Protein chains: 2
Amino acid sequence: MIDHIDKAILTVLQEDSTLSVAELADRVHLSTTPCWRRIQKLENDGIIARRVALLDAEKLNVGVTVLVEIRTAQHTAAWLKRFCEVVDGIPEVIEVYRMSGHIDYLLKVVVPHIAAYDGVYKRLISELEIFDVSSSFSMETLKHTTRLPLDYVS
Amino acid sequence: MIDHIDKAILTVLQEDSTLSVAELADRVHLSTTPCWRRIQKLENDGIIARRVALLDAEKLNVGVTVLVEIRTAQHTAAWLKRFCEVVDGIPEVIEVYRMSGHIDYLLKVVVPHIAAYDGVYKRLISELEIFDVSSSFSMETLKHTTRLPLDYVS
DNA sequence: TCTGAAAATTGTGCCCT
DNA sequence: AGGGCACAATTTTCAGA
């Protein structure tokens with residue numbers, strides 16, 4: 001369903017989606033029309049979910065990443081629904097996972113500095129009934145990519 | 001330096017960068033030329049870092065996210081350098097943070113299923129001298145966005 | 001399914017306000 | 001700064017091989 005040419009196209013588009021179809025076609029050794037049709041198909045199939053601009057976190061003054069481990073007091077569907085609504089409404093919270101093991105939820109939060117995290121923390125504990133919160137601060141981002149591996153798809 | 005019109009432009013582009021300049025200009029109540037000039041400036045200033053295609057993790061068969069906490073045996077610059085090289089070379093590892101506190105590094109890894117994580121784990125422990133590894137599996141992604149908050153920039 | 005070219009749309013620069 | 005207009009480039013469609 002996805003051959004090596006599609007993978008080549010996706011590899012390029014995951015890095016840079018500003019290239020013209022003609023330039024992209026060149027790189028994958030195709031001419032523009034077939035390349036364009038493949039891109040169209042990848043979009044229709046939802047393989048390409050969206051195209052977005054990635055902004056510079058430092059320049060937006062949100063250079064500090066905080067990982068927040070949360071344990072809930074109530075394991076109910078209602079609590080989960082409320083939890084989703086609350087984290088959805090906090091723009092500093094950019095990722096939320098429900099985890100296996102002793103940590104119930106893990107959040108990734110971006111803020112200008114460690115002190116600014118306090119506002120997000122207070123908002124979480126005031127809007128939600130939480131059993132335990134543990135926050136770890138990232139000192140340095142060593143790798144950060146939106147590029148997913150294409151090795152497992154066929 | 002970044003006014004509310006720039007923020008409006010960035011808000012749209014963080015969601016969808018496929019819009020034409022004319023359409024984007026419409027949405028921020030500007031005509032195309034000044035809108036285009038603002039976009040140009042945001043790119044030159046590096047506020048807009050890049051434009052990429054975001055792919056569907058499920059459809060690429062990497063629907064399982066693993067959070068890996070690593071403690072190192074050696075706190076040396078050489079070890080860190082080697083560590084960066086190794087994680088850089090593993091496409092399943094998409095984020096790596098150096099943390100404060102008792103966890104030295106945190107990795108975000110994407111794989112098709114929990115069993116497939118074993119390959120990444122073995123690669124990590126074979127290529128690096130590691131004191132302790134603790135892996136947690138995400139059962140569900142409740143929120144995941146590349147949209148950074150624009151509330152802290154001026 | 002590819003190539004090549006035409007038609008439609010969009011990006012880019014110039015000049016004016 | 002913003003707006004209007006003209007031209008360049010690119011996307012998208014459509015013919016033929």
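These numbers come from a predicted model, not from an experiment. Below, chains carry the letters A, B, ... as their sequence lines are ordered, and counting in each starts from 1.
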With E129(A), which residues qualify under salt bridge (Lys or Arg N to Asp or Glu O under 4.0 Å), at least two apart? none
What class does the angle between the rings of W79(A) and F83(A) fall in, given that below 30° is parallel, 30 to 60° is tilted and above 60° is perpendicular? parallel
Quickly work out the I39(B) CD1 to dG13(C) P distance and round it to whole Å. 13 Å
With side chain to side chain contact (heavy atoms under 4.5 Å, CB included) as the test, would you mind laying out the steps for I48(A) and L55(B) before giving the verdict? CA-CA 5 Å; I48(A) 296 174; L55(B) 310 187; 3.9 Å; yes
Nearest-angstrom distance from the residue atom CD of Q40(A) to C1' of dT10(D): 14 Å
Does D6(A) come within less than 4.0 Å of R38(A), counting only side-chain N to carboxylate O? yes
Tell me: CG of L42(B) to P of dA1(D), nearest whole Å? 12 Å
Tested for side-chain contact (heavy atoms from CB on, under 4.5 Å) against R82(A), the lone hit among T76(A), L128(A), V87(A) is L128(A)
Measure the distance from CZ on R38(A) to P on dT11(D) and round it to the nearest whole Å. 18 Å
How about E58(A): does its CD atom have over 12 heavy atoms from other parts shown lying under 6.0 Å from it? no
If you take any heavy atom closer than 4.0 Å to DNA chain D, which residues from residues 15-37 of chain B end up in contact? L30(B), S31(B), T33(B), P34(B), R37(B)
Can you measure N44(B) atom CG to dT12(C) atom C1' for me and round it to whole angstrom units? 14 Å
